[in-house]
Amino acid sequence: QVQLVESGGGLVESGGSRRLSCVASGSRLSINVMGWYRQAPGKQRELVSSIATVGFTYYPDSVKDRFTISRDNAKNTVLLQMNSLKPEDTAVYYCNTIPNRDSYWGQGTQVTVSS
């Protein structure tokens, strides 16, 4: 079975930075497109970044130029560097493959950006 474990969240001041980590076990992720998702209270889960197997990346306008996704296939790890954080970035952040698999959703990691 595959497990994806997110970590690195916490409380950060507006304008600050945070780096999230997603570590996979039970499977090698080098063949998968990976994504970071987030879900804020009262809102649907949304994709905030993705990275292809050879490094091509995607960012929606809401995080473009502030977030950077990267991967280390040897360590089965996907990272999300978040800079210039805003209160509206407050959410639970999850990683998953793209397209996502229901069984891959983990507990996520809470990121709270103070005003």
Side-chain angles (χ1 to χ4, degrees):
Q1 68 278 17
V2 175
Q3 290 190 36
L4 302 177
V5 180
E6 302 93 343
S7 63
L11 178 64
V12 61
E13 295 181 354
S14 180
S17 299
R18 201 80 181 183
R19 186 174 72 175
L20 307 183
S21 177
C22 170
V23 179
S25 63
S27 181
R28 185 168 59 88
L29 298 183
S30 61
I31 62 173
N32 299 107
V33 180
M34 297 295 298
W36 279 97
Y37 304 76
R38 70 184 181 188
Q39 186 168 26
K43 301 179 68 176
Q44 295 190 48
R45 185 152 48 201
E46 62 175 336
L47 179 69
V48 296
S49 188
S50 67
I51 183 167
T53 56
V54 294
F56 296 103
T57 57
Y58 160 81
Y59 307 93
D61 290 342
S62 59
V63 307
K64 192 171 297 182
D65 299 323
R66 298 190 300 117
F67 290 11
T68 302
I69 190 171
S70 62
R71 66 193 302 164
D72 186 337
N73 290 334
K75 297 181 179 179
N76 240 15
T77 299
V78 182
L79 303 175
L80 183 68
Q81 178 66 47
M82 305 184 294
N83 298 326
S84 302
L85 284 164
K86 307 173 181 179
E88 48 263 47
D89 295 319
T90 296
V92 178
Y93 285 73
Y94 304 86
C95 63
N96 210 319
T97 55
I98 296 177
N100 66 76
R101 294 174 179 260
D102 289 344
S103 63
Y104 286 7
W105 295 117
Q107 295 299 306
T109 185
Q110 175 72 47
V111 175
T112 302
V113 185
S114 64
S115 301

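Here the structure is a predicted model, which is why all the values come from computation and not from measurement.
Contact of the I98 side chain with the L47 side chain is registered, since non-hydrogen atoms from C-beta on lie closer than 4.5 Å.
Atom SG of residue C22 and atom CD of residue E6 lie 5.5 Å apart, to the nearest 0.5 angstrom. A distance of 4.5 Å separates CG in N73 from CZ in R71, rounded to the nearest 0.5 Å. Taking OG from S7 and CZ from R19, the interatomic distance works out to 9.5 Å, rounded to the nearest 0.5 Å.
Residues near V5 contribute nothing to a hydrophobic cluster around it, because no ILVMFWY side-chain heavy atom sits closer than 4.5 Å to its side chain. Using a 4.5 Å cut-off between side-chain heavy atoms of Ile, Leu, Val, Met, Phe, Trp and Tyr, V23 forms no hydrophobic cluster with any other residue.
Both M34 and F67 sit in one connected hydrophobic cluster of ILVMFWY residues. Membership requires side-chain heavy atoms under 4.5 Å apart, directly or through other members. Linking ILVMFWY side-chain heavy atoms closer than 4.5 Å, directly or via other members, places Y94 and V33 in a single hydrophobic cluster. Cluster membership for Y58 and V48, using ILVMFWY side-chain heavy atoms within less than 4.5 angstrom, is not shared.
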Please table the atom pairs, donor to acceptor, closer than 3.5 Å between any side-chain atom in residues 74-86 and protein atoms at least two apart or in another chain.
unit_1 : atom_1 : unit_2 : atom_2 : d
N76    : OD1    : L29    : N      : 2.9
N76    : ND2    : A24    : O      : 3.4
N76    : ND2    : S27    : O      : 2.5
T77    : OG1    : K75    : O      : 2.9
Q81    : NE2    : N83    : OD1    : 3.0
N83    : OD1    : S17    : OG     : 2.9

Under 3.5 Å, which donor-acceptor pairs do the side chains of residues 108-115 form with other protein atoms, sequence neighbours left out?
unit_1 : atom_1 : unit_2 : atom_2 : d
T109   : OG1    : G9     : N      : 2.9
Q110   : NE2    : A91    : O      : 3.4
Q110   : NE2    : T112   : OG1    : 3.4

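Among residue pairs with one or both ends in residues 36-45, those qualifying as side chain to side chain donor-acceptor pair (under 3.5 Å) are R38-E46, R38-D89, R38-Y93; sequence neighbours excluded. Applying the side chain to side chain donor-acceptor pair (under 3.5 Å) test to residues at least two apart or on different chains, none of the pairs has a partner in residues 96-107.
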